There are 2 protein chains.
Amino acid sequence: MLEHMEMPELPEIHLFAKDMHQELVGKTFDAVEIVQPKSLNLPPEDFRGRLIGTSIQAVSYHGKWIQLELSKGWLLINLGMGGEILLITDENYPEKVRLAFRFTDGSSLAVNFWWFGYAHWADTLADHAMTAKLGPNAIDLSLEAFRSLLQGRRGAIKPFLLNQARIAGIGNVTVQDPLFRARIHPMRKISDLSDDEVEALYGEIQHTLREAIEHGGSKWERNLYGRHGSWGKDFFSVAYRLDEPCPVCGKTIEKIKTGSTSSYICAHCQL
Amino acid sequence: MLEHMEMPELPEIHLFAKDMHQELVGKTFDAVEIVQPKSLNLPPEDFRGRLIGTSIQAVSYHGKWIQLELSKGWLLINLGMGGEILLITDENYPEKVRLAFRFTDGSSLAVNFWWFGYAHWADTLADHAMTAKLGPNAIDLSLEAFRSLLQGRRGAIKPFLLNQARIAGIGNVTVQDPLFRARIHPMRKISDLSDDEVEALYGEIQHTLREAIEHGGSKWERNLYGRHGSWGKDFFSVAYRLDEPCPVCGKTIEKIKTGSTSSYICAHCQL
DNA sequence: CGGTTCAACAACGA
DNA sequence: CTCGTTGTTGAACC
């Protein structure tokens, strides 16, 4: 039932960045193993050449991208539809690896994508179109900023929230319960939302993201150390609860098509 | 039959820029008459204030925009769906005028749009989004540059050629015969084109643009001096020749919808 | 069906 | 395709 929820969203990326910052700052690239060159934005030799000898200064994130600031340039990683980043402290690499980075201290970082992801090198963040065009991280938004982003928008609320160019980091897992709890139908026109609804939605988004982070990310993901999070379906009110009763009114939760994504909703509570 | 061909494309703009450079360099703006303020990107007073007292240093073009480099800033003119720019040497203004510029030597330039056009002022070209985002002028492209622009494109060839952000200056009149002569269907996927087809298409585009320029632009347009060009349907192989025989195979030329534009093609020759 | 980009399209406005 | 904007949809891609 939850087999298609293995994609990292803001909480998991946030945790990767935090742990990677903790573990990797100060390390220097010694070697780069590239199993899947198509994931790169440079020829493998160039990519390797940019990294080797540089050191990691800081690790942050923007939306679903992890950003490693180097002594020269940036290494930008996107796990695509899902994947793992593992810190390897001994010589035991995991079986499946698309990319591996070895550091001069003997430790390594292994990256695997379930299907496809990116590892890009950029001189500056502004040079990298895919991250440069992202909106602000959802978790860093103030209510006022959220209101002003919604200002004058004509479309529906759910596609807006999922559009990474508007707000970065929200995905189909973290958008559904906030909408339910704010009692807003995913396809409601943004211009129809009352001030109170916007405030409720904002609060529920913040709550959901923080809750997921506090619980170490989702159960279906592994973190930098290979450990699973504890945030899962137990925390959901309607998401992925097809045919179960709405926790508020008891009516049956439905699955509907909302543009190109699916949504679980209570048609009675969400208007 | 040819009633909808009154929009200037690269050849006509090229000729305007050339003649305007010849005639206008050195002239100083003395007065600006603004009949249609909506065409401007500044309040009329500001627009006027930017121009008066400045002189024209050079006239060039980018796509369908004519660029007048001034002693300070740029005046950028786009004729939109069609229009005229006339050099007036006596005091007889044409009847219909949206904008008129008077110079200190007593001469004037009159601009008319059939429907909508622009006259913008910009401090630098980089400041002006509408021209800054244009692709390279079609006529200045090398074969290699043309190939690299097509690299990795997923859509159909005709919409690509008409997209001014990719290549500037090609319009629905100047695109049709090159496609026919290269034997390429307008809706062919770019990724399906062979190297030879790309080269043929490139050559035919260059040929068409240069031929139109050499003949003074299209018959339906007037130049800076009010004179019509001589490039017209006689030069076309299939464009606007509905139900006539294909000059190569004799089959009937068809008119088809290609996205939002129409195309005249030989369905037998163009694959 | 995932993330992201791109293309095609509609509608509107200037 | 005069051009911009906005948003929607579907496809292709890695």
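Fair warning: this is a prediction, and the values are worked out from it, not measured in the lab. Hydrogens, waters and symmetry mates play no part in the numbers below; they use all other heavy atoms, side chains included.
- Within 4.0 Å (heavy atoms only), A:R154 reaches sugar-phosphate atoms of the nucleic acid but no base atom.
- The OG1 atom of A:T131 lies 13.0 Å from the CD1 atom of A:I66; values are rounded to the nearest 0.5 Å.
- Within 4.0 Å of B:G117, counting heavy atoms only, lies no atom of the nucleic acid at all.
- Phosphate contact (OP1/OP2 of C:dC1, side-chain N/O of A:K257, threshold under 4.0 Å): present.
- Ring pair B:Y118/B:F116 is perpendicular by interplanar angle, where above 60° counts as perpendicular and below 30° as parallel.
- Spacing between atom CZ of A:R166 and atom P of D:dT5 amounts to 11 Å, rounded to whole angstrom units.
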Check against ring pair (Phe, Tyr, Trp, His ring centres under 6.0 Å), A:Y240 and A:Y264: CA-CA 6 Å; A:Y240 304 97; A:Y264 295 83; 5.1 Å; yes

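- Between D:dT2 and B:K64, no contact under 4.0 Å exists linking OP1 or OP2 to a side-chain N or O.
- Look at CD on A:E9: it is 7 Å from P on C:dG3, rounded to the nearest Å.
- Comparing D:dC14 with C:dC1, their C1' atoms sit 15 Å apart, to the nearest whole Å.
- For B:R153, taking side-chain heavy atoms from C-beta onward, the closest of the listed nucleotides D:dG7, D:dG4, C:dA7 is C:dA7.
- Within the 4.0 angstrom heavy-atom criterion, base atoms lie near B:Y118.
- Whole-Å rounding puts the B:K133 NZ to D:dT2 P distance at 14 Å.
- Contact detail for A:Q176 and A:V238: the closest heavy-atom pair is O-CG2, 4.4 Å.
- Computed from coordinates, the B:K38 NZ to D:dC3 C1' distance equals 15 Å when rounded to whole Å.
- Side-chain N/O atoms of A:N78 include one lying less than 4.0 angstrom from OP1 or OP2 on C:dT4.
- At least one side-chain heavy atom of B:M130 sits under 4.5 Å from a side-chain heavy atom of B:W65.
- Straight-line distance from the NE2 atom of B:H120 to the P atom of D:dT2: 16 Å, rounded to whole Å.
- Using a 4.0 Å heavy-atom cutoff across all strands shown, B:A156 reaches sugar-phosphate atoms only and no base atom.
- At the heavy-atom level, B:K158 lies nowhere under 4.0 Å from the strands shown.
- Regarding A:L79, its CG atom lies at a distance of 12 Å from the P atom of C:dG3, rounded to whole Å.
- Nearest to the side-chain atoms of B:P159 among the listed nucleotides D:dG7, C:dG3, C:dA8 stands C:dA8.
- Nucleotide D:dT5 holds its C1' atom 17 Å from the CG atom of B:N41, rounded to whole Å.
- Listed for the A:R188 side chain is a donor-acceptor partner under 3.5 Å among the backbone atoms of A:D192.
- Using N1 to N3 plus N6-O4 or O6-N4 for Watson-Crick, or N1-O2 and O6-N3 for G-U wobble, each under 3.5 Å, D:dC14 pairs with nothing.
- D:dC13 and C:dG2 are spaced 13 Å apart, taking the C1' atom of each and rounding to whole Å.
- Nearest nucleotide to the side chain of A:Q164, out of C:dT4, D:dC3, D:dT2: C:dT4.
- Nearest heavy atom pair, residue A:W121 against residue A:G73, reads CZ2-CA, 3.8 Å.
- Projected onto DNA chain C by closest heavy-atom contact, A:S262 and A:T131 fall at different nucleotides, the more 5' of which corresponds to A:S262.
- Using a 4.0 Å heavy-atom criterion, one finds that B:N163 contacts no nucleic acid atom at all.
- Closest-nucleotide positions on DNA chain D for A:I190 and B:S191 were compared, and the one nearer the 5' end corresponds to A:I190.
- When the nearest nucleotides of DNA chain C are assigned to B:K189 and A:T261 by heavy-atom distance, the more 5′-ward of the two goes with A:T261.
- Across all strands shown, A:R98 has no heavy atoms under 4.0 Å from either base or sugar-phosphate atoms.
- Nucleotide D:dT2 holds its C1' atom 13 Å from the CG atom of B:L162, rounded to whole Å.
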